[in-house]
Engineer: 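Once you've had a glance at the structure underneath, I'll fire off some questions.
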Amino acid sequence: MTFSVIIPTFNEAPNIARLVADLRRHAPAGEVEILVVDAHSPDGTAEAARQAGATVLLSPRPGRAAQMNFGAAHATGTILYFVHADVGIHPDYVATIRQAVAAGHAAGCYRFRFDSRHPLLRINSYGTRFKGIMSRGGDQTLFITRELFQRLGGFNERFVIMEDFEIIRRIRRVASFYIVPQDVVVSARKYETNSWLRVQLANLTAFGMFFLNVPPPRIARTYKALLNYR
C-alpha cells in the first residue's frame, strides 16, 4: 500500500512548509509522495512547498475539487490521502490508514479537535466521533483507495463548496467508510474571525441548501456572504 498525500492550496504560505515537514517526518522513508496542488497563489505557497520537499503541481483550474482531482491524476500511490493545508496530521497516519484499508475500509477520515480550548469548539470536536454526514468535513482529512476513487469518478467539480460531503455521500453507497478513533488538529481561524454562532449559522445554511440540491455556486456565494474572511 503506497501513499500519495494530496494537498490543495491557495495562499497557504504560512502553513504549507510545516505540514509538509510533518508529513515527511512521520512517514517511512520513501513510502509517501507529497503532492501540493496550488491554484497559482501569489503569496509564494508553491515555492515554500517545494523548498519543504513536496512535489508541486500547478492546477489548470482553481477550486479544491478540481485541484484534488488534478493531484490524484498525477499520484502514484494505491492510497490517496487528501489533506487541507492548515490541518495538523496525526503522527501515525501511515500505519493507521494502512490498517483501516487492510481491515476492509476503502475510505475514511479522522475525528478532529481544534487548536483552541474554547468550550463550544470542544463540543463541535466531540461531534466528529459520530457517523452522521453533518459530522464530517474536509478538515478531518480523507483517505480513499485509488481503485474506489477512480470507480467514483473522483470529486464532482460542480461542487465549488461541499465537495467533501458530496463524495462521502457517494462513498457510503458502495463501500465501508471508517472514522479513525484518533484526532487531527484543525485550525480555529474561521471561528476566531467570526463568532461561533455566526459560523454555525453559515454551516447550517450551507447544509440545508446542499440537501435541497441548490446549485453549488449559489451555496458558495451565500456561505461567503455570511462570514468574514481575513
Side-chain angles (χ1 to χ4, degrees), residues 6-12 14-15 37 39 41 59 61-69 82-88 107-144 152-173 177 179-180 183-230:
I6 299 167
I7 310 165
T9 56
F10 182 72
N11 285 349
E12 291 288 357
N15 297 308
V37 188
S41 301
S59 178
R61 293 183 56 195
R64 280 202 302 255
Q67 288 170 243
M68 290 188 288
N69 282 344
F82 298 96
V83 179
H84 290 183
D86 60 350
V87 168
C109 68
Y110 281 79
R111 303 184 311 199
F112 74 60
R113 59 182 172 85
F114 286 100
D115 58 356
S116 167
R117 296 190 64 80
H118 192 292
L120 292 175
L121 294 184
R122 294 176 72 178
I123 293 173
N124 283 31
S125 301
Y126 186 81
T128 63
R129 67 190 59 218
F130 302 115
K131 293 183 178 181
I133 190 67
M134 292 182 68
S135 297
R136 304 279 68 81
D139 285 339
Q140 294 172 254
T141 72
L142 173 69
F143 70 85
I144 184 170
L152 292 171
F155 289 92
N156 186 334
E157 296 184 15
R158 286 183 54 248
F159 283 82
V160 293
I161 190 172
M162 311 293 285
E163 76 290 334
D164 36 16
F165 300 97
E166 193 278 335
I167 196 171
I168 289 172
R169 189 163 61 175
R170 285 188 286 131
I171 289 169
R172 284 177 162 174
R173 292 172 184 157
F177 189 87
I179 303 168
V180 178
D183 296 335
V184 293
V185 179
V186 174
S187 171
R189 59 184 176 178
K190 188 187 302 182
Y191 290 87
E192 292 166 353
T193 306
N194 303 270
S195 70
W196 179 87
L197 184 60
R198 188 169 186 168
V199 176
Q200 295 304 105
L201 175 62
N203 288 344
L204 289 172
T205 300
F207 268 117
M209 297 173 77
F210 174 70
F211 289 125
L212 290 171
N213 296 317
V214 173
R218 184 179 168 192
I219 301 176
R221 289 194 300 270
T222 302
Y223 186 77
K224 291 177 181 178
L226 290 170
L227 296 177
N228 292 320
Y229 287 86
R230 65 182 177 188

Engineer: Write down the atom of Asp139, the atom of Val87, and the distance for their closest heavy-atom approach.
Structural biologist: O-CG2, 3.5 Å
Engineer: Considering all heavy atoms of both residues, which atom of Leu227 and which atom of Arg198 are nearest to each other, and what is their separation?
Structural biologist: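 So the minimum-distance heavy-atom pair works out to CD2-O, 3.9 Å.
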Engineer: Do Arg136 and Phe165 have side chains that approach each other closer than 4.5 Å (heavy atoms only, starting at C-beta)?
Structural biologist: yes
Engineer: May I have the step-by-step check of side chain to side chain contact (heavy atoms under 4.5 Å, CB included) for Ile179 and Arg111, ending in yes or no?
Structural biologist: CA-CA 7 Å; Ile179 303 168; Arg111 303 184 311 199; 3.8 Å; yes
Engineer: When you look at Ile171 and Ile144, which way does the side chain to side chain contact (heavy atoms under 4.5 Å, CB included) test go after all the steps?
Structural biologist: CA-CA 9 Å; Ile171 289 169; Ile144 184 170; 3.8 Å; yes
Engineer: Heavy atoms, side chains only, cut-off 4.5 Å: are Ile7 and His84 in contact?
Structural biologist: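 Side-chain contact under 4.5 Å: no.
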Engineer: If you measure from CD on Glu163 to CG on Leu142, what distance do you get to the nearest 0.5 Å?
Structural biologist: 10.0 Å
Engineer: Step by step, would you call Asp86 with Arg189 a salt bridge (Lys or Arg N to Asp or Glu O under 4.0 Å)?
Structural biologist: CA-CA 10 Å; Asp86 60 350; Arg189 59 184 176 178; 3.1 Å; yes
Engineer: Quick one: side chains of residues 152-162, donor-acceptor pairs under 3.5 Å with protein atoms, not counting sequence neighbours, listed by atom name and distance.
Structural biologist:
from: Asn156; atom 1: OD1; to: Arg158; atom 2: N; distance (Å): 3.0
from: Glu157; atom 1: OE1; to: Arg61; atom 2: NH1; distance (Å): 2.5
from: Glu157; atom 1: OE2; to: Asn69; atom 2: ND2; distance (Å): 2.9

Engineer: Enter the distance from Thr128:OG1 to Tyr126:OH here, rounded to the nearest 0.5 Å.
Structural biologist: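 If we round to the nearest 0.5 Å, Thr128:OG1 and Tyr126:OH are 10.0 Å apart.
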Engineer: Got a second to check how far Leu226's CG is from Arg221's CZ, nearest 0.5 Å?
Structural biologist: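 Rounded to the nearest 0.5 Å, the CG-CZ separation comes to 13.0 Å.
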Engineer: Under the side chain to side chain donor-acceptor pair (under 3.5 Å) test, which residues partner Ser187, sequence neighbours left out?
Structural biologist: none
Engineer: A quick test of your reading: do over 12 heavy atoms of other residues, nucleotides or ligands sit less than 6.0 Å from CZ of Arg169?
Structural biologist: yes
Engineer: When rounded to the nearest 0.5 angstrom, what is the spacing between CE in Met68 and OG in Ser59?
Structural biologist: 10.5 Å
Engineer: Provide the closest heavy-atom pair for Cys109 versus Phe143 in the form atom of the first, atom of the second, distance.
Structural biologist: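 Distance-wise, the nearest heavy atoms are N-CE2, 3.8 Å.
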Engineer: How about Gln200 and Asn124: does a side-chain donor come under 3.5 Å of a side-chain acceptor?
Structural biologist: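 Short answer, yes.
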Engineer: For the atom pair OG (Ser125) and NE2 (His118), what is the distance rounded to the nearest 0.5 Å?
Structural biologist: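 These two atoms lie 12.0 Å from each other.
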Engineer: Do any N or O atoms from the side chain of Glu12 and from the backbone of Thr9 form a donor-acceptor pair under 3.5 angstrom?
Structural biologist: no
Engineer: List the residues meeting side chain to side chain donor-acceptor pair (under 3.5 Å) with Arg170, not counting sequence neighbours, and say none if there are none.
Structural biologist: Glu166
Engineer: Nearest 0.5 Å please: distance from the CZ atom of Phe82 over to the CD1 atom of Ile6.
Structural biologist: 4.0 Å
Engineer: Let me check something: any side-chain donor-acceptor pairs from residues 201-211 under 3.5 Å, sequence neighbours excluded? List them with distances.
Structural biologist:
from: Asn203; atom 1: OD1; to: Tyr223; atom 2: OH; distance (Å): 3.1
from: Asn203; atom 1: ND2; to: Val199; atom 2: O; distance (Å): 3.4
from: Thr205; atom 1: OG1; to: Leu201; atom 2: O; distance (Å): 2.8

Engineer: Can you confirm whether or not the ring centre of Phe112 sits under 6.0 Å from the ring centre of Tyr110?
Structural biologist: no
Engineer: My understanding is that only residues two or more places apart in sequence, or in another chain, count here; which of them pass side chain to side chain donor-acceptor pair (under 3.5 Å) with Gln67?
Structural biologist: none
Engineer: For a side chain to side chain contact (heavy atoms under 4.5 Å, CB included) check, start with the C-alpha distance between Ile133 and Ile168, then their side-chain angles and the critical distance, and finish with the verdict.
Structural biologist: CA-CA 8 Å; Ile133 190 67; Ile168 289 172; 3.7 Å; yes
Engineer: Looking only at non-hydrogen atoms, find the nearest pair between Ala85 and Asn15 and report the distance.
Structural biologist: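 Result for this residue pair: O-CB, 3.4 Å.
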Engineer: Identify the heavy atoms of Val185 and Phe114 that sit nearest to each other, and give their distance.
Structural biologist: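 Closest approach of Val185 to Phe114: CG1-C, 4.4 Å.
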Engineer: Test of understanding: with salt bridge (Lys or Arg N to Asp or Glu O under 4.0 Å), list the residues that count as partners of Arg122, not counting sequence neighbours.
Structural biologist: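 So Arg122 forms no salt bridge (Lys or Arg N to Asp or Glu O under 4.0 Å) with any residue.
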